[in-house]
Every structure is written in structure tokens, then in C-alpha cells.
Amino acid sequence: MEPSQLFSMGTRTLTGMRSELRSDPITGRTVIIARDRSKRPHDFARATTLRSHASCPFCQGHESETPEPLAVYGDDGGGDWLVRVIPNKYPALSLDVGRRVRADEVEEGATERTVAGRGYGAHEVIVESPRHVTCFSQLDDAEALLTLRAYRDRLLAHGDNDSLRYAQIFKNTGAAGGASVGHVHSQLIATPFVPPEVAAELAGCRDHFQQHARCAFCDLLRRELGAAERVVASAEHFVALCPFAARFPFETWVIPRRHQANYAALTDAELAELGPLLRSLVAATIGASGQDAYNFLLHTAPFDTSCADHYHWHIELFPRMLEIAGFEWGTGCFINPMPPEPASQSLRSLMQSFRARKTS
């Protein structure tokens, strides 16, 4: 079934079913919602702690322990800063290498599919606070705003490099979330290719647009806001919702109401609203899941403009509660023991409580 056809099926919930198959309306990816799995012992990942750092390299006063910054925000000229962007000290990819393998370096008998290119790209760290805090929810308004502005600026900077096609911004928080340093930060990896997960979204969106002359994410927003089953928060510029085919308990997407393919097109007013929304959503996710480990992914358009009409950037957030095991790795099909409908109710209630505490 084509991903775009799934919209004609609606998003009804099979109430009373212990297990059901759900398809993501963008990519067509199938997820198993298996309620009884939540009763299994050890189904949720155990919380682990990061190694303690006697001297955190990301804290203010330890700038000499990191590479020279690529950008600094909130610098008062006296050494104080709020957000710093630095090269990753141990990069997965580097701009310092040539992009392609020379002809004389290709092994005899190698085909186009087996020829490896050099590890060309960029790998950066966005340090989100000079204070030693560990979670995005602990940032103040200025730090959150400047972090999101740094995302926009770095995407624009790498978009000018004709040899790069995409940049993935992501946040690993907690040891179970893949973090090696506890100090709040996120990362950017820019690649000379479009990653498969993003390519699948692009293909689904393109198919939907060709059939309906509308954006798939815009249609998804209209349906979700109309049904109100999975909406977690609704603001002037953004909607947070638990996706119909959620892969993980409490998985949430943040989607701009205005059709935008590229995060870098965000206005200052939209950035100002996005910061508090994300802080309260992260706090609610931790409260609902009981886990302080989570991942945060920004899916935006590739650097070319060919998908401006049909793609829609968004953020995906999920706590690291489940142990991903053999079935998931072997099939790419996730088993989620918690339907998104009750998950959205819990998150909505906790977000309201978090916001009330912030304003009191």
C-alpha cells in the first residue's frame, strides 16, 4: 500500500484489541501496538548513569578543554556566554578530508556499490548552557532560544557547502540515550548523502503530494487536530502530538502549523514559542516515562530545494524505555507496548502542570 493511501483509511483506534498493526501515514512503516507486552518483566530499559566528570569540559571556565568555537551566543565580551558551537573532538565525519576516493585507490574488482568514499562531512556539538545542567527542560528562556537559533544558523552555514546534502541535528540525553557527557548539549552531523530514514519520509511526502496536491504533514495535522485523540499541546505556531503509529511509549512529534520544509526558515517569533514548548514537553516526557534518558531528532529538508512543496520539517522526541532487540533490528518493525492515545493524555496533563509551576 502506498503511504498516501493510508490517509483514506482514517486514524481510527481498534478499541479493545490487545494487539494491532498500525502504519505510519508518511512512510508506511508498520508498528505493532502490543498492550500485553507492558506486563513483561524487564521490558523497559533500566536507567543507567553517566560517569561522573570531575572537570566537565562543557562548563564555563573550561573552554580550553574543547576545540575553538565555531559560533558563540550571548557573549558579553568578558568571557561569559550562553551557547557555544564547537567541533566534535572525536568526529564521525570531517571536512578536512577529500570527498571522493581517487581512481588509483579503488580496489581491483570493486563495483560502484562497494566503493567507499572518504569520511567527508561535519560533526559539531552545541553546548546549550554554561551551567552544569543535564536536561533541556532545565534551560532558561534565553538559553533555549539561543540553542534553537544556533540550530538554524548551523543549518544555513552547512547549506552553503555544495558537497553536503543533509544535516541531522539530534540530542542524546542520559547514558541509555547514548550520551557520553552529562552536560546538556546536542549535536549536528552533516553528510554528503540523504540518510535512509529521511529519504523514506521524503518519498512518502512526494507520493502524497503527487496524488493530492497537498502536504502529507499538513493533512496529518488537520486530521489529528480534528480528532484530538493524540494531541499533546496546541500553540499558535506548533502542535505536539503522539503519532498514530508510535514506535515507542510517549513518542511525540512537534510539527509547525505553517507549511515549512526547512527548519532554517523559522522566524524569530516561531523560535520564541518553540523553546518553552520543547522544555515543557521534555519535562513531561521524563515525568511520564520515569526515565531521564531520551533522544530528540530534528528532521528537516535536504539542502536542495526540490522538496519545498511537499516536505514538512518536524521534531521527534522519545524516552529510552524499551530494549531494542532482535525482532526490531532484523525487521525494522517496532513493538510498542503503550498506545499513543493514553500516552498523549498523560503527557498533556504533565505539560499543563509543568507550565503552571513555571508561571507561579
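Treat the numbers as computed from the prediction; the structure is a model and nothing was measured.
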Can you check whether P256 reaches H312 side chain to side chain, under 4.5 Å on heavy atoms? yes
Kindly state each residue pair satisfying ring pair (Phe, Tyr, Trp, His ring centres under 6.0 Å) with at least one member in residues 314-352, sequence neighbours excluded. F217-H314, F248-F318, F248-F334, W253-H314, H299-H314
Is it the case that the side chain of S349 and the backbone of Q345 share a donor-acceptor pair, with hydrogens and angles ignored and the cut-off at 3.5 Å? no
Can you name the side-chain contact (heavy atoms from CB on, under 4.5 Å) partners of A245, sequence neighbours left out? R22, D24, V31
Taking side-chain hydrogen bond (donor to acceptor under 3.5 Å, both in side chains) as the definition, give me every residue that meets it alongside T305, ordered by chain and number, with sequence neighbours left out. none
If the condition is side-chain contact (heavy atoms from CB on, under 4.5 Å), which residues does D304 pass it with, not counting sequence neighbours? R165, P302, S306
Pairing residues for R152 by the salt bridge (Lys or Arg N to Asp or Glu O under 4.0 Å) criterion, not counting sequence neighbours: D268
If we only count heavy atoms from C-beta on, is the N336 to R247 side-chain gap below 4.5 Å? no
Which residues pass the side-chain hydrogen bond (donor to acceptor under 3.5 Å, both in side chains) test with N262, not counting sequence neighbours? T300
Name all residues meeting the side-chain hydrogen bond (donor to acceptor under 3.5 Å, both in side chains) criterion together with Y263; count only those two or more places apart in sequence or in a different chain, and write none if there are none. none
Answer whether the closest heavy-atom distance between the side chains of M321 and M338 falls below 4.5 Å. no
Who pairs with L225 by side-chain contact (heavy atoms from CB on, under 4.5 Å), at least two apart in sequence or on another chain? V231, S234, V239, R257
Got a list of side-chain donor-acceptor pairs under 3.5 Å for residues 77-87, not counting sequence neighbours?
| residue | atom | partner | partner atom | Å |
| --- | --- | --- | --- | --- |
| D80 | OD1 | Q60 | NE2 | 3.0 |
| W81 | NE1 | E63 | OE2 | 2.7 |
| R84 | NH1 | T66 | OG1 | 3.3 |

Would you call the rings of H132 and H183 parallel, tilted or perpendicular, where under 30° means parallel and over 60° means perpendicular? perpendicular
I want to check something: taking the side chain as every heavy atom from C-beta on, are D292 and C135 in contact at a cut-off of under 4.5 Å? no
Does E68 have more than 12 heavy atoms from other residues, nucleotides or ligands lying within 6.0 Å of its CD? no
What residue among E128, Q187, H185 forms side-chain hydrogen bond (donor to acceptor under 3.5 Å, both in side chains) with K171? E128
With a 4.5 Å heavy-atom cut-off, do D160 and L156 have their side chains touching? no
Do the side chains of V125 and V181 get nearer than 4.5 Å, heavy atoms only? no
All pairs passing ring pair (Phe, Tyr, Trp, His ring centres under 6.0 Å) where residues 145-173 contributes a residue, at least two apart: none
If you define the side chain from C-beta out and look only at heavy atoms, does anything of L95 sit under 4.5 Å from N161? yes
So Y294 and F250, do their side chains get closer than 4.5 Å, heavy atoms only? no
Please list, chain by chain and in numerical order, all residues satisfying side-chain contact (heavy atoms from CB on, under 4.5 Å) with E236, sequence neighbours excluded. E273
Between H208 and D219, is the side-chain hydrogen bond (donor to acceptor under 3.5 Å, both in side chains) condition met? List the steps. CA-CA 10 Å; H208 185 83; D219 276 1; 2.8 Å; yes
List in chain and number order the residues that pass side-chain hydrogen bond (donor to acceptor under 3.5 Å, both in side chains) with R154, two or more places apart in sequence or in another chain; answer none if no residue qualifies. E124
